[in-house]
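First up is the structure itself, then whatever we jot down about it.
Each chain gets a letter, A, B and so on, in the order its sequence line appears, and its residues count up from 1.
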2 protein chains.
Amino acid sequence: MEYTVQQLARLAGVSTRTLRYYDEIGLLEPARINSSGYRIYGVNEVDMLQQILFYRELGLALEDIKAIITAPSFDAAQALREHRQKLLEKRAQLDALIENVNNTIEQKEGRSTMNDKEKFNGFKNKMMEENEKKYGKEIREKYGEDAVNKSNAKLMNMSEEEYRKVAELEMQLNETLAQAFAAGDPSGELAQKAAELHKQWLTFYWDQYSKEAHAGLAEMYVADERFTAYYDKDQPGTAKFLRDAILIYTGMGQRG
Amino acid sequence: MEYTVQQLARLAGVSTRTLRYYDEIGLLEPARINSSGYRIYGVNEVDMLQQILFYRELGLALEDIKAIITAPSFDAAQALREHRQKLLEKRAQLDALIENVNNTIEQKEGRSTMNDKEKFNGFKNKMMEENEKKYGKEIREKYGEDAVNKSNAKLMNMSEEEYRKVAELEMQLNETLAQAFAAGDPSGELAQKAAELHKQWLTFYWDQYSKEAHAGLAEMYVADERFTAYYDKDQPGTAKFLRDAILIYTGMGQRG
DNA sequence: AGTTGACCTTTACGCTGCGTAAAGGTGTAT
DNA sequence: ATACACCTTTACGCAGCGTAAAGGTCAACT
């Protein structure tokens, strides 16, 4: 099989510009050029491109990818380790940045700094935790025997790292939700993103996700005043808004 | 007070190019231009620049900074929250990348990398791990922002080969130290060799070595009982002995 | 044969935040 | 007068393409 730029591009899910660029920098040259000057790629090039895209997804620079795939004796694992080193340093920098930004925001808003536990507790308080478990019981009856037990086990079993992640997810969710609420459209991009974040957040507590259960919980946010109070604490109507967004997200809006 | 570009640049610790660029994009224009076309900055501009650099350190785009500082009614906290959102997303992406890279490395090396637990269990136990991190925090304060982050990154990044090396170094250190302790003289050849080995061992964990930090750690070996307990586990007094040897080795003994 | 319309080509600017010349004017001390 | 430190503007380069612009090619339809 032979392919023109566009055919290969479609096959691999990249743009034709990308392929021309790869040709330009000598990363992936076509098998041959036809009489009209068209780039013609063969099967080998398809394989090469797969490789290239694989490494690209790992975030390697094209120059590094070139070194890896053109020199057969090149130590790819070593290159990856060096790459990982860079990524880790980047993340460390990001962490420091986020810390600073957090502190600045808190300072600007006149709040004091909190430690992890306070953050966690401040977000979702004990009451909400109880509610979550309580709702879990209903899931258990509806969606399987030990879903709740697993959920609890999952919670108890959270490492500090996971703990941090879930707290972070919650922050993201709250922010996105607030912005989405301001925008006003539960089917809008922001609101759907909030629903997505809510799903991700849920998966920390629920062992298995289902659209039905997700939509069910959304309904409870409006039906149960304790949930409502929590989500409405800054902006009244947020719980309802979140429910609508989730119903749209799960596609369960038409049935209830 | 009035300043030329270079004077202001030196004052603020940026390049003159940066100031000209900020002028170019309208982020910070000089108070006036003198008859020769020189940029002249006044006290207001100094204050502005401080603000700009503050936000720049938080990683905001110059365009956003411009919005914040030029529009007095602008909600800086809101901008920061949106910025944080971006940072959090970036970090989530980075985490995913790192995961992928880790998996790829493992696969390529056929299980020759180890996870953190495996790395640590071999030689330093959990307690020492905590201590290392704890001391790391103090380094961070004393010797630079991200020394610790880099240190952790370095550790995560160790290949099996490097891991073996550090384990071997530790064995050598322990043996040499035991012999030196038996000999009794911290300035003696064996003790100094132990100090040297200790230094080499440290460089696996610290991104940059300095005599000051080395001597500081040595002091902590005596000051902090958890360190002491670790080094004294076979022969009481070993921690103290190692400290003395290191102080002599680093030439920092006279100051403490 | 002519004309679409979908494809192909090369050239080149734009994005971010400056670093780094290059080519030339200014200010001041010697 | 000369040297030297300072100032100016203009402009390329960096990574990895997106996005025109200006123009050939190929198959199909009128």
Side-chain angles (χ1 to χ4, degrees), chain A residues 2-42 45 49 51-69 79 83 86-87 90 93-94 97, chain B residues 2-42 45 48-49 51-69 83 86-87 90 93-94 97:
Chain A
E2 296 198 321
Y3 308 87
T4 63
V5 259
Q6 194 158 77
Q7 285 163 358
L8 179 56
R10 268 206 277 263
L11 188 65
V14 300
S15 73
T16 60
R17 176 71 177 97
T18 297
L19 290 181
R20 293 201 189 92
Y21 182 64
Y22 289 175
D23 183 9
E24 184 184 335
I25 65 174
L27 179 57
L28 179 66
E29 293 169 10
R32 62 188 181 85
I33 307 279
N34 78 2
S35 60
S36 305
Y38 289 19
R39 291 171 180 79
I40 307 295
Y41 298 89
E45 284 70 33
L49 185 53
Q51 286 273 315
I52 291 171
L53 295 182
F54 172 75
Y55 284 115
R56 191 181 70 164
E57 275 197 15
L58 298 182
L60 276 97
L62 297 185
E63 203 55 40
D64 294 343
I65 298 178
K66 193 172 165 182
I68 291 177
I69 62 172
H83 179 55
K86 282 185 224 156
L87 291 181
K90 245 191 201 172
Q93 278 183 30
L94 253 186
L97 264 191
Chain B
E2 296 198 319
Y3 308 87
T4 63
V5 261
Q6 193 157 77
Q7 285 163 356
L8 178 56
R10 268 205 278 263
L11 187 66
V14 300
S15 74
T16 61
R17 176 70 177 99
T18 297
L19 291 182
R20 293 200 190 92
Y21 182 64
Y22 289 175
D23 183 8
E24 184 184 335
I25 64 174
L27 179 57
L28 179 66
E29 292 170 9
R32 62 189 180 86
I33 307 280
N34 78 2
S35 59
S36 305
Y38 288 19
R39 291 172 180 81
I40 307 295
Y41 297 89
E45 283 70 34
M48 286 269 286
L49 184 53
Q51 286 274 314
I52 292 170
L53 296 181
F54 172 75
Y55 285 114
R56 190 181 70 164
E57 277 197 12
L58 298 183
L60 276 98
L62 296 185
E63 203 55 41
D64 294 343
I65 298 178
K66 193 172 165 184
I68 291 177
I69 62 172
H83 180 54
K86 280 186 227 157
L87 293 180
K90 247 191 199 172
Q93 279 185 30
L94 253 186
L97 265 192

Residue pair [X] / [Y], side-chain heavy-atom distance below 4.5 Å:
| X | Y | answer |
| --- | --- | --- |
| Leu28(A) | Asp23(A) | no |
| Gln7(A) | Leu11(A) | no |
| Val5(B) | Tyr38(B) | no |

(request) Remember a base hit wins even if backbone is also touched, and classify Leu62(A) as base, sugar-phosphate or nothing at under 4.0 Å, heavy atoms. (result)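 Answer is sugar-phosphate: Leu62(A) comes under 4.0 Å of backbone atoms only.
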Please list, chain by chain and in numerical order, all residues satisfying side chain to side chain donor-acceptor pair (under 3.5 Å) with [X], sequence neighbours excluded.
| X | answer |
| --- | --- |
| Gln6(A) | none |
| Tyr3(A) | none |
| Arg56(B) | Tyr22(B) |

(request) Name the residue closer to the 5' end of DNA chain C, choosing between Ala61(B) and Ile40(A) according to the nucleotide with the nearest heavy atom. (result)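 Per heavy-atom nearest nucleotide, the more 5' residue is Ile40(A).
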Just the rounded figure in Å: distance from [atom2] of [N] to [atom1] of [X].
| X | N | atom1 | atom2 | result |
| --- | --- | --- | --- | --- |
| Leu60(B) | dC18(C) | CG | C1' | 17 Å |
| Arg56(B) | dT16(C) | CZ | C1' | 13 Å |
| Asn34(B) | dG25(C) | CG | P | 17 Å |
| Glu63(B) | dC15(C) | CD | C1' | 12 Å |

(request) Output the distance between atom CG (Leu19(B)) and atom CG (Leu8(B)), rounded to the nearest 0.5 Å. (result)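 One gets 5.0 Å once the value is rounded to the nearest 0.5 Å.
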(request) Could you tell me the separation between the CG atom of Asn34(B) and the CD1 atom of Ile40(B), rounded to the nearest 0.5 Å? (result)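 Separation between the atoms: 4.5 Å.
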(request) Tell me, please, the opening and closing nucleotides of DNA chain D, 5' to 3', among those with an atom under 4.0 angstrom from a non-hydrogen atom of chain B. (result)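 So the outermost contacting nucleotides come out as dC6(D) to dA11(D).
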(message) Between Tyr38(A) and Tyr21(A), which residue's closest nucleotide on DNA chain D lies nearer the 5′ terminus?
(response)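 The residue closer to the strand's 5' end, by nearest nucleotide, is Tyr21(A).
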(request) Could you tell me whether the phosphate oxygens of dC18(C), OP1 or OP2, come under 4.0 Å of any side-chain nitrogen or oxygen in Tyr22(B)? (result)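 Tyr22(B) to dC18(C) OP1/OP2: side-chain N or O found under 4.0 Å.
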(message) With a 3.5 Å distance limit and no angle check, can you tell me whether His83(A) reaches the backbone of Asp64(A) through a side-chain donor-acceptor pair?
(response) no
(request) Before giving the answer on side-chain contact (heavy atoms from CB on, under 4.5 Å), spell out for Leu49(B) and Glu45(B) the whole-Å C-alpha distance, their side-chain angles and the decisive distance to 0.1 Å. (result) CA-CA 6 Å; Leu49(B) 184 53; Glu45(B) 283 70 34; over 6 Å; no
(message) Expected output is a numbered-order residue list: members of residues 6-20 of chain A with a heavy atom under 4.0 Å from any atom of DNA chain C. What is it?
(response) Gln6(A), Arg10(A), Arg17(A), Arg20(A)
(request) Note down the inter-axis angle between the two ends of the helix from dA1(C)-dT30(D) to dT30(C)-dA1(D), five pairs each, to the nearest 10°. (result) 50°
(request) Would you mind checking if Glu2(A) and Arg32(A) are paired as a salt bridge, meaning a charged N to carboxylate O distance below 4.0 Å? (result)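 Yes, this pair counts.
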